[in-house]
Participant: 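My questions will all concern the structure given below.
Numbering of ligands and ligand atoms starts at 1, following listing order.
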Amino acid sequence: MGLIVCTADLFSEHLERLRSAGHEVRVVEQGSCASLGSMLSDADALICLLTDRIGSDTLSQARKLRIIANVAVGYENIDCAAAQEKGIVVSNTPDVLTQSTADQTFALLLAAARRIPEADSAIRGGKFPRWGLQQPLTGIDVHGKTLGIVGMGRIGAAVARRGRLGFGMSILYVSRTRKKQLEEELGAVAVSFECLLEQSDFVCIHVPSTPETKGLIDASALARMKPSAILVNASRGAVVDEAALVNALDENIIAGAGLDVFEHEPAVHPGLLTHRKHVVLAPHLGSATTDTRRAMATIAIDNVLAVLAGEPPLTPVA
Ligand code: NAP
Ligand code: GLV
């Protein structure tokens with residue numbers, strides 16, 4: 001029936017589903033993505049990852065492509081305008097990864113505040129610190145503090161719920177639109193960006209990567225934050241100016257950071273690697289649980305099967 005080109009390392013049951021629906025699946029070997037354009041020339045569908053850059057050049061050779069199913073909720077890696085021009089549907093994987101990404105965000109927040117990686121390294125290095133009131137590795141309280149959410153969407157709201165309902169935190173937020181229901185449910189308060197930076201003990205970033213959000217957390221934003229505050233970013237690296245963040249950590253402008261994403265991923269600013277106190281780094285693991293990754297693959301495949309059957313996609317991007 002159709003040819004599906006796939007850069008994702010799909011689970012065997014997903015490959016089986018596509019094949020038993022009568023489609024041919026051509027799995028692109030890691031490292032062959034540079035020649036993706038030519039592979040798309042006779043493809044009907046593409047299943048890809050957020051690390052694949054699908055620009056107008058890649059799409060120029062696609063003669064009959066009907067859908068690009070990104071196995072991620074973020075889709076800034078795809079030139080959606082170029083796809084639309086060619087009548088190609090773009091789909092993503094919203095909702096199924098919201099809770100696991102919120103868990104990862106909160107894990108980074110807690111780990112940075114309570115210095116878990118430093119503590120782990122101390123024990124592994126044979127340096128179990130003596131118990132004392134002012135012992136090394138004392139941290140920062142999380143419960144009852146103020147949590148600032150930048151981008152109160154699906155994941156932002158899930159993090160806010162964890163903060164309010166699990167840790168008794170006060171919630172401030174910035175978003176493009178007011179979230180009245182969350183204001184009622186969590187007592188969340190919509191504030192200006194400047195107010196959020198100045199009043200929050202923890203600032204969590206959950207906006208997508210867009211031209212408007214690029215470098216949103218720059219030197220001037222960091223300068224507004226409390227010296228005791230921790231920045232957590234589990235959205236996209238481009239939202240934070242990493243050099244400015246390193247400088248803010250060097251100069252004690254803020255206390256720490258929990259980062260799941262990086263400006264030039266997979267490269268990490270060397271200045272971040274030298275900071276250990278209240279700084280926790282993870283290699284883009286927000287949705288990385290087996291259950292969630294399976295669910296993401298399932299949605300991507302549902303989208304492909306629907307479009308190739310002439311039906312509308314389940315989760316097209318806006
Ligand atoms: P979402 O529901 O669309 O939420 C994004 C929110 O950002 C929306 O509520 C939107 O506000 C707000 N926003 C957009 N532009 C803004 C701006 N310029 N200023 C202020 N707020 C703005 O998306 P989601 O599912 O929560 O995912 C959010 C992002 O997380 C994704 O785009 C992706 O980049 C990232 N992510 C990362 C991982 C990871 O592994 N680390 C995993 C999943 C997702 P309105 O609602 O007011 O329009
Ligand atoms: C992960 O980063 C995603 O956007 O799903």
Side-chain angles (χ1 to χ4, degrees), residues 8 47-54 68-78 80 90-109 148-162 171-183 188 190-197 203-218 221 231-240 257-263 265-266 268 280-289 291-300 303 315-318:
I47 300 173
C48 62
L49 297 172
L50 57 84
T51 44
D52 299 315
R53 299 276 146 220
I54 313 294
I68 302 169
N70 207 34
V71 194
V73 68
Y75 52 87
E76 75 288 346
N77 56 312
I78 298 167
C80 292
V90 178
S91 66
N92 66 345
T93 60
D95 298 315
V96 288
L97 46 57
T98 296
Q99 300 304 332
S100 51
T101 307
D103 285 347
Q104 171 78 349
T105 305
F106 229 87
L108 289 170
L109 186 158
I149 305 283
V150 180
M152 192 63 112
R154 290 170 290 240
I155 298 169
V159 171
R161 285 198 178 91
R162 281 158 177 72
I171 310 296
L172 304 179
Y173 77 94
V174 169
S175 224
R176 290 177 303 191
T177 53
R178 285 279 293 275
K179 311 292 177 191
K180 292 270 171 56
Q181 195 245 316
L182 284 170
E183 292 180 13
V191 293
S192 67
F193 183 49
E194 291 73 21
C195 173
L196 181 143
L197 295 169
V203 174
C204 287
I205 311 298
H206 297 292
V207 288
S209 175
T210 64
E212 294 77 46
T213 63
K214 185 175 165 52
L216 184 67
I217 304 296
D218 59 6
L231 175 75
V232 181
N233 186 13
S235 68
R236 282 292 183 270
V239 181
V240 175
L259 304 174
D260 191 56
V261 288
F262 300 88
E263 196 176 355
E265 233 168 272
V268 175
V280 180
L281 312 175
H284 206 143
L285 295 178
S287 65
T289 68
D291 287 344
T292 295
R293 289 288 165 85
R294 272 210 157 79
M296 290 163 70
T298 299
I299 294 200
N303 278 308
T315 55
V317 305

Participant: Which protein heavy atom lies closest to atom 5 (O) of ligand 2, and at what distance to 0.1 Å?
Facilitator: Val73 N, 2.8 Å
Participant: Say whether Leu97, considering both its backbone and side-chain N or O atoms, lies within less than 3.5 Å of an N or O atom on ligand 2.
Facilitator: no
Participant: Please compare Gly156, Ser100, Ala234, Ala288 and report which has the shortest non-hydrogen distance to atom 37 (C) of ligand 1.
Facilitator: Ala234
Participant: Name the option, out of Pro94, Gly74, Gly153, that contains the heavy atom nearest to atom 9 (O) of ligand 1.
Facilitator: Gly153
Participant: Determine whether the side chain, the backbone, both or neither of Thr101 has a heavy atom under 4.0 Å from any heavy atom of ligand 2.
Facilitator: neither
Participant: On a heavy-atom basis, I'd like to know which of Arg176, Lys179, Glu76 is closest to atom 46 (O) of ligand 1.
Facilitator: Lys179
Participant: For ligand 2, which is the ligand I care about here, please tell me if Thr93 has any N or O atom under 3.5 Å from one of the ligand's N or O atoms.
Facilitator: no
Participant: To the nearest 0.1 Å, how far is atom 1 (C) of ligand 2 from its closest protein heavy atom, and which atom is that?
Facilitator: Leu50 CD2, 3.4 Å
Participant: Look at atom 47 (O) of ligand 1 and find which of Thr177, Thr210, Val73 reaches it with the closest heavy atom.
Facilitator: Thr177
Participant: Of the listed options (Val159, Leu259, Val207), which comes nearest to atom 20 (C) of ligand 1 when hydrogens are ignored and any heavy atom counts?
Facilitator: Val207
Participant: Using a 3.5 Å cut-off on N or O atoms only, is His284 in polar contact with ligand 2?
Facilitator: yes
Participant: To which of Gly237, Pro208, Ala157 does the heavy atom nearest atom 14 (C) of ligand 1 belong?
Facilitator: Pro208
Participant: Nearest protein heavy atom to atom 23 (O) of ligand 1, by residue and atom, and its distance?
Facilitator: Arg154 NH2, 3.4 Å
